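First comes the structure, then the notes that go with it.
Hydrogens, waters and symmetry mates are skipped; everything else that's a heavy atom, side chains included, is used. Because the structure is a prediction, the values reported are computed rather than measured.
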Amino acid sequence: EFRRVLFRSNLKSIMMQNCVKTLPDNLGDLQNLHFLSLPNNKELRTLPESISKITGLMFVNVMDCPNVKLPEKLSAVLEDDGNGFYYSKQ
């Protein structure tokens, strides 16, 4: 199961294209995550608020995910290029 595998590892990057409808609420527990790429997940509606707790997150790709909006706290620390790509302002 996706959720079990996800939280048993020390992931630094996640790439899931056209296969995600929801993300676990505790995604923010992945403190080593730097790269989150979720393009073409048309049924994905939200990113969990907990993702804002990942202090080292440098890049988020939600290209072609028309209904996804980043949590406010995360939007404050990532730059939006306007095409669904968000990257660290640092």
Backbone N/O of Met63 and side chain of Asn61: donor-acceptor pair under 3.5 Å: yes

Hey, could you give me the CG/CG distance between Leu11 and Asp29, rounded to the nearest 0.5 Å? 12.5 Å

For Lys69, does the NZ atom have more than 12 heavy-atom neighbours from other residues, nucleotides or ligands under 6.0 Å away? no

Measure across Leu23 and Thr46 and return the closest heavy-atom pair with its distance rounded to 0.1 Å. CD1-O, 4.5 Å

Minimum side-chain heavy-atom gap Leu47-Leu38 below 4.5 Å: yes

Can you label the angle between the Phe35 ring and the Phe59 ring as parallel, tilted or perpendicular, going by 30° and 60°? parallel

Is it the case that one hydrophobic cluster holds both Tyr87 and Val77, taking links as side-chain heavy atoms less than 4.5 Å apart, direct or via other members? no

Just by modelled atom types, is the Met58 backbone N or O under 3.5 Å from a matching donor or acceptor in the His34 side chain? no

Can you name the one residue among Asn67, Asn83, Leu70 that meets side chain to side chain contact (heavy atoms under 4.5 Å, CB included) with Val62? Leu70

Just by distance, do the side chain of Glu49 and the backbone of Lys73 share a donor-acceptor pair under 3.5 Å? no

Do you know which two heavy atoms are closest between Pro66 and Lys42, and how far apart they sit? CD-CA, 4.2 Å

Heavy-atom closest contact (Asn41 atom, Met16 atom, distance): ND2-O, 2.9 Å

Going from CG on Leu33 to CG on Leu57, what distance comes out if it is rounded to the nearest 0.5 angstrom? 5.5 Å

Side-chain heavy atoms of Leu36 within contact of Ile54, under 4.5 Å: no

Side chains of Pro71 and Ile51, heavy atoms from C-beta outward: is any pair under 4.5 Å? yes

N/O donor-acceptor pair under 3.5 Å between Ser50 side chain and Asp25 backbone: yes

Are Ile14 and Leu30 packed together at the side-chain level, in the sense that at least one heavy-atom pair is separated by less than 4.5 angstrom? yes

